[in-house]
J.: 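Before anything else, here's the structure in question.
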Amino acid sequence: MKIPGYITSILETLNGAGHEAYIVGGCVRDAMLKRTPSDWDVTTSAKPQEVQRLFRRTLPTGIEHGTVTVLMGKQKAEVTTYRIDGVYEDARHPKEVTFTSSLTEDLRRRDFTVNAMAYHPEEGLRDPFDGMADLEKGIIRAVGNARERFTEDALRVMRAFRFAAQLSFSVEEETYAAAKELAPNLKNISAERIRDELQKLICSPHPETVRELYRAGITALILPEFDLCMETPQNNPHHCMNVGEHIIATMCAIRADRLLRWTMLLHDIAKPETRTTDEKGIDHFYAHPEKGAETARRILRRMKLDNRTIKRATTLIRYHDMRLGNEAPVEVQIRKGMHAVGREDFPLLFEVVAADNAAKAPQLKERKEKELRDLREAYERVVARGDAVQLSELQVSGADLIEAGITDGPEIGEVLNAMLSDVLKRPEHNDRAFLLNASQLKQYRNAAEGKKNHGGRE
Ligand code: ATP
Ligand code: MG
């Protein structure tokens, strides 16, 4: 096993002072799987005060639980004293921890057998719960009694499926049954911690694992809107799956990017509430992108995602149904889309649409691909020509309007918007002399005035 130099030196320092020390948990699991560990954790018989004494630079990260962060140059590692977790309060945090001198006791408190292995460069693997066998079989199995372990800490229910998704493993039968039974205890876990696990799961190579969350009754608790999708059919020639299965297929079809996976998870979330069936028995989902953006905002807020991600995801959802309509020429639609979504995120819409198409009825594949190609080409023409799509790209500014005699602050903004609205349709109008020409300017002022009087509607 290839252990970084600073970790070896931490182990040597602890051993040199007469303590046991091993690398432990996720890093051992990942190294055994020949994956690159995200971080290296050390477990030791030394008490936290002793760890603080032995290293020059430390942080008391979780000192009451025995965790000290040791800083080595630019690197750092968490060093945790062997411990036994006391009684758990609210299926969440151990009320108290007891330090122990037994490595096996420390490994026993860990969640899954594959996470309960320790390794020392000279002693080799310490694996009292047979994690290696489960690693080889590709299964996630609780250490000891699964029902007890999930009762102690309900977050482990989410972690079981998250690790299965990340490692391409399956959840062992008894562990699965206990997870299903004890899932209701997730109500005691904070939204942030559930979100972190769900996010890791959907950003893994197996986002389809949300289907397992559904089957185990977990989405019913953390994302009930998804359950409705799994139970909403789409009797429509464009579709060949129910809404939930379609959502899953789109997540699998898009790259593992945080924003894009959340977007696909929620892009059709309003289909259940917008579904109507016509006299021919065909289902329609009118206005589901707009409604979906609203529902997604509510869900993402509940899950405590950051505001920027909420804004970007809901905007992509709002515009995910981009297609070649016949109301306006394609380049006009592209410019309006770029204006609404923003120059930076607009290209992501092509990825969203491609993923959405990949999960639709196969007989439409060629037509959809051609449509998307046409949209991309129109986009490339718009970009190459440098058409204006936002206020800052207009050839005139607020200062020009003041000079032209418009002194009312709000009106300046409204007139600029009227100009942009025209320029999105006719890019050749983005010309200083043209925009400020007296009769043209009058038209923009009238348009701005009219828009105001119509409650801002076009
Ligand atoms: P990741 O790659 O996500 O960091 P990890 O296995 O390192 O995976 P961490 O959350 O960093 O997971 O935890 C480190 C180790 O601590 C785990 O491998 C496990 O042994 C133990 N552990 C973490 N959370 C729990 C928990 N809720 N219950 C029991 N043991 C846990
Ligand atoms: Mg870790």
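What you see below is based on every heavy atom in this structure, not just the backbone, and it leaves out hydrogens, waters and symmetry mates. One-based numbering, in listed order, for ligands and for the atoms of each.
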J.: Would you kindly specify which portion of D153 sits under 4.0 Å from ligand 1, judged on non-hydrogen atoms: side chain, backbone, both or neither?
T.: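 Only the side chain of D153 comes within reach of ligand 1.
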
J.: Is the shortest side-chain heavy-atom distance between F129 and F112 below 4.5 Å?
T.: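 When only atoms from C-beta onward are counted, F112 and F129 do not touch, as no gap falls below 4.5 Å.
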
J.: Inspect the contact between E245 and R211 and indicate whether a charged nitrogen and a carboxylate oxygen are less than 4.0 angstrom apart.
T.: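 Salt bridge present between R211 and E245.
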
J.: Near R109, which atoms of ligand 1 are under 4.0 Å from a heavy atom of that residue?
T.: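 Close to R109: 29 (C).
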
J.: If we only count N/O pairs under 3.5 Å, is D30 in contact with ligand 1?
T.: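 Not met; the criterion fails.
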
J.: Picking from T175, T113, D134, what satisfies side chain to side chain donor-acceptor pair (under 3.5 Å) with R141?
T.: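 For R141, the side chain to side chain donor-acceptor pair (under 3.5 Å) check succeeds only for D134.
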
J.: Nearest N/O/S atom of D39 with respect to the Mg ion (ligand 2), by atom name, please.
T.: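 Of all N, O or S atoms in D39, the Mg ion (ligand 2) lies closest to OD1.
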
J.: Any heavy-atom pair between the side chains of L375 and V330 that's under 4.5 Å?
T.: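 Of all side-chain heavy-atom pairs linking L375 with V330, at least one is under 4.5 Å.
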
J.: Identify, by atom number and element, the atoms of ligand 1 in contact range of N115, meaning under 4.0 Å from any of its heavy atoms.
T.: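 Checking each atom against N115, I get 6 (O), 18 (O), 19 (C), 20 (O).
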
J.: At a 4.0 Å cut-off, with the gap strictly under it, does some heavy atom of E152 reach an atom of ligand 1?
T.: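 No; E152 lies far enough from ligand 1 that no heavy-atom distance drops under 4.0 Å.
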
J.: Measure the shortest side-chain to side-chain distance between T80 and H65 over non-hydrogen atoms and say whether it is less than 4.5 angstrom.
T.: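 No, their side chains stay 4.5 Å or more apart.
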
J.: Less than 4.0 Å is my threshold; does some heavy atom of R162 fall inside it relative to ligand 1?
T.: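 The answer is yes: ligand 1 sits under 4.0 Å from a heavy atom of R162.
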
J.: Could you point out which residue of D345, D257, D306 forms a salt bridge (charged side-chain N to carboxylate O under 4.0 Å, His left out) with R312?
T.: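 Going through D345, D257, D306 one by one, the salt bridge (charged side-chain N to carboxylate O under 4.0 Å, His left out) with R312 is satisfied by D345 alone.
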
J.: For ligand 1 and C27, I'd like to know whether there is a polar contact (N/O to N/O, distance under 3.5 Å).
T.: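 No.
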
J.: Please work out, at 4.0 Å between heavy atoms, whether the side chain, the backbone, both, or neither of R159 comes within that distance of ligand 1.
T.: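 Only the side chain of R159 comes within reach of ligand 1.
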
J.: Who's closest to atom 15 (C) of ligand 1 heavy-atom-wise, of R110, K200, E197?
T.: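 Among R110, K200, E197, the closest heavy atom to atom 15 (C) of ligand 1 belongs to R110.
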
J.: In ligand 1, which numbered atoms sit nearer than 4.0 Å to a non-hydrogen atom of F163?
T.: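 Those qualifying, in numeric order: 6 (O), 8 (O).
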
J.: Classify the side-chain pair T219/D227 by whether it contains a donor and acceptor separated by less than 3.5 Å.
T.: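 Yes, a side-chain donor-acceptor pair sits under 3.5 Å.
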
J.: Should D153 and R149 count as an ion pair when the cut-off is N to O under 4.0 Å?
T.: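 Judged by the 4.0 Å cut-off on N to carboxylate O distance, D153 and R149 do not form a salt bridge.
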
J.: Between R126 and E20, is the closest basic N to carboxylate O distance under 4.0 Å?
T.: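 A salt bridge is absent here (no side-chain N lies under 4.0 Å from a carboxylate O).
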
J.: Atoms of ligand 1 less than 4.0 Å from S38 heavy atoms?
T.: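 So the atoms of ligand 1 that pass are 2 (O), 4 (O).
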
J.: Strictly under 6.0 Å, is that where the ring centroids of H238 and H284 end up?
T.: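 Between H238 and H284, the centre distance exceeds or equals 6.0 Å.
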
J.: Under a 4.0 angstrom heavy-atom cut-off, which atoms of ligand 1 come close to G25?
T.: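 Selected atoms, number and element: 18 (O).
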
J.: If the cut-off is 4.0 Å to any non-hydrogen atom of R29, which atoms of ligand 1 fall inside it?
T.: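 With R29 as reference, the close atoms of ligand 1 come out as 2 (O), 5 (P), 6 (O), 8 (O).
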
J.: Is A116 close enough to touch ligand 1? Criterion: a residue heavy atom under 4.0 Å from a ligand atom.
T.: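 Distance cut 4.0 Å: A116 fails for ligand 1.
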
